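What follows is a set of notes on a single structure, which appears directly below.
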Amino acid sequence: MHIPPLPHFLIDKPILQALKEDMHTEDVTTAAVIADDPHAEVTLFAKANGILAGMDVFARVFFLLDAGAIVDAHAKDGDAVRPGDRLATLRAPLSVLLSGERVALNFLQRMSGIATYTKQMVDALEGTGTRIVDTRKTTPNFRLFEKYAVRIGGGGNHRHNLSDGVMLKDNHIAACGSVKEAVERARAYAPFVRKIEVETETLEMVEAALEAGADIIMLDNMSPDEIREAVTRIDGRAMVELSGNIDLNSLPLYRDLGADIISCGALTHSAPILDLSLKELHTIDDR
């Protein structure tokens with residue numbers, strides 16, 4: 001499935017904020033050692049196996065520093081990469097390459113790490129009919145990039161934000177007094193096109209959510225045996241989502257329990273970066 005790149009009107013502001021964070025007034029090191037600022041070329045290399053995500057964001061960092069920057073990509077988002085692979089060649093003023101390097105790599109390494117981890121989770125669920133999705137456990141102000149990376153890795157997105165859908169969690173239910181009351185209030189308030197999801201922690205709560213007509217029932221932190229029983233009781237009357245400290249290591253315990261969805265915060269909060277590097281920097285005689 002083709003996933004379009006993130007539009008510039010959404011990514012430019014956070015990229016500029018990241019550049020400002022890294023270079024509040026100037027790059028004092030580059031300013032100190034670069035005199036005539038010649039054009040230069042540098043190559044982006046992979047240093048580990050993984051899935052690439054964020055190439056357009058990576059390139060955009062340099063374009064925002066210099067509109068004449070050239071990024072010649074040899075790989076695209078979703079590609080599997082190996083150590084030593086040449087992923088892109090960059091040409092720009094030397095100062096631009098030096099000052100933009102870390103911010104560009106921070107975006108690309110983080111996003112590629114998430115895509116890589118997501119792909120591992122997706123592969124581990126192959127043949128089960130269960131889909132893996134992310135959560136709102138994202139880095140503040142980086143959610144747009146992290147959720148995009150999940151899609152590149154083959155996963156899906158849960159809610160992007162609190163405006164996207166109704167999810168009645170334990171504290172919402174406590175505030176209303178019961179699952180039934182919480183669902184009734186949500187039905188009365190939310191537009192008819194919005195599904196209502198209820199987070200449950202016991203089989204009794206599952207029964208209450210079914211009786212209240214929940215569209216999606218989340219089984220939160222339940223044991224495999226409890227999940228099997230819950231799926232049997234639900235019997236297709238609602239979508240079943242599993243959640244609660246599920247990661248790549250624990251996934252085998254949950255892959256064959258008949259759930260429709262597994263939501264996994266680890267996709268965004270625990271994925272290691274993919275090791276990438278800019279090397280072979282040299283100046284260009286552009287006279």
Side-chain angles (χ1 to χ4, degrees), residues 114 117-118 121 125 128 130-143 146-147 150 155-271:
I114 289 170
Y117 192 83
T118 301
M121 295 283 279
L125 287 172
T128 65
T130 301
R131 292 184 293 153
I132 193 79
V133 303
D134 53 28
T135 71
R136 286 170 42 247
K137 295 177 181 177
T138 54
T139 308
N141 300 318
F142 206 72
R143 181 175 296 173
E146 292 178 340
K147 282 183 171 284
V150 167
N157 296 147
H158 207 293
R159 294 185 298 174
H160 276 265
N161 54 57
L162 293 174
S163 301
D164 267 357
V166 177
M167 180 187 287
L168 300 169
K169 299 174 74 68
D170 54 353
N171 286 332
H172 299 106
I173 294 168
C176 293
S178 69
V179 170
K180 181 176 184 294
E181 181 66 20
V183 172
E184 287 180 353
R185 292 186 191 183
R187 287 266 183 236
Y189 180 85
F192 73 93
V193 294
R194 298 278 174 87
K195 291 184 178 181
I196 294 178
E197 179 167 5
V198 177
E199 177 186 272
T200 63
E201 298 173 341
T202 66
L203 292 174
E204 290 74 21
M205 291 183 71
V206 169
E207 291 289 354
L210 281 171
E211 291 175 9
D215 301 298
I216 307 166
I217 297 177
M218 177 196 289
L219 310 178
D220 188 43
N221 285 301
M222 288 190 183
S223 70
D225 287 341
E226 289 175 317
I227 291 169
R228 288 189 189 92
E229 177 62 25
V231 170
T232 298
R233 294 189 187 188
I234 293 169
D235 193 26
R237 289 179 286 169
M239 289 186 67
V240 177
E241 176 183 336
L242 308 185
S243 190
N245 298 311
I246 300 173
D247 59 18
L248 191 59
N249 292 324
S250 63
L251 188 60
L253 297 173
Y254 302 94
R255 71 181 303 275
D256 296 311
L257 299 179
D260 299 292
I261 299 288
I262 293 177
S263 55
C264 176
L267 297 181
T268 51
H269 68 57
S270 294

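In this text, all values refer to a predicted model and were calculated from it rather than measured experimentally.
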Less than 4.5 Å apart, side chain to side chain, heavy atoms only: is that true for Val240 and Asp260?
yes
By side chain to side chain donor-acceptor pair (under 3.5 Å) - contacts of Glu201 (at least two apart):
none
Excluding sequence neighbours, so at least two apart, what forms side chain to side chain donor-acceptor pair (under 3.5 Å) with Glu199?
Lys169
Quick one: CZ on Arg255 to CD1 on Ile132, what's the gap to the nearest 0.5 Å?
11.5 Å
Of all the heavy-atom pairs spanning Gly155 and Thr118, show the shortest one and how long it is.
N-CG2, 3.5 Å
Minimum heavy-atom separation for Ile246 and Cys264, please, with both atom names.
O-SG, 3.1 Å
Residue set satisfying side chain to side chain contact (heavy atoms under 4.5 Å, CB included) with Ser223, at least two apart, ordered chain then number -> Asp225, Glu226
Side-chain contact test, heavy atoms from C-beta onward, threshold under 4.5 Å: evaluate it for Tyr117 versus Asp247 and give yes or no.
yes
Suppose we screen for salt bridge (Lys or Arg N to Asp or Glu O under 4.0 Å). Which residues come up paired with Glu146, at least two apart in sequence or across chains?
Arg110
Quick check for you: to the nearest 0.5 Å, what is the distance between Glu229 atom CD and Leu219 atom CG?
11.5 Å
Could I get the full list of side chain to side chain contact (heavy atoms under 4.5 Å, CB included) partners for Ala208, not counting sequence neighbours?
Val179
Closest heavy-atom pair, Val183 versus Ala212, reported as atoms and distance to 0.1 Å, is CG1-O, 3.4 Å
Correct closest heavy-atom pair for Pro224 and Leu257 would be CA-CD1, 4.0 Å
What's the spacing between Leu248 CG and Met121 CE if we round to 0.5 Å?
6.0 Å
Would you say the side-chain atoms of Thr200 pair up with the backbone N or O of Met218, donor to acceptor, closer than 3.5 Å?
yes
Listed partners of Ala175 passing side chain to side chain contact (heavy atoms under 4.5 Å, CB included), at least two apart:
none
Without swapping roles, check the side chain of Arg237 against the backbone of Ile234 for a donor-acceptor pair under 3.5 Å.
yes
Distance from Glu184 atom CD to Ile196 atom CD1, nearest 0.5 Å?
10.5 Å
Please list, chain by chain and in numerical order, all residues satisfying side chain to side chain contact (heavy atoms under 4.5 Å, CB included) with Arg143, sequence neighbours excluded.
Arg136, Thr138, Lys147, Asn161
Mind checking the OG1-CG spacing from Thr128 to Asp256? Nearest 0.5 Å is all I need.
6.5 Å
By ring pair (Phe, Tyr, Trp, His ring centres under 6.0 Å) - contacts of Tyr254 (at least two apart)
none
Interatomic distance, Arg233 atom CZ to Leu210 atom CG [nearest 0.5 angstrom]
9.5 Å
Which atoms form the tightest heavy-atom contact between Ala214 and Val198, and what is the distance?
CB-CG2, 3.7 Å
Residues which pass side chain to side chain donor-acceptor pair (under 3.5 Å) with Ser178, listed by chain and number, not counting sequence neighbours:
none
Could you note down all residue pairs passing salt bridge (Lys or Arg N to Asp or Glu O under 4.0 Å) where residues 209-223 supplies at least one of them, sequence neighbours left out?
Arg187-Asp215
Output all residues satisfying side chain to side chain donor-acceptor pair (under 3.5 Å) with Glu241, sequence neighbours left out; order by chain, then residue number.
His158, Ser263
May I ask you to check whether over 12 heavy atoms, not counting those of Asn221, lie within 6.0 Å of atom CG?
yes
Ile114 and Val150, any side-chain heavy atoms less than 4.5 Å apart:
yes
Could you report the tightest heavy-atom contact between Ala186 and Val166, atom names first, then the distance?
CB-CG1, 3.9 Å
I'd like to check the salt bridge (Lys or Arg N to Asp or Glu O under 4.0 Å) partners of Arg194; sequence neighbours left out, ordered by chain and number.
none
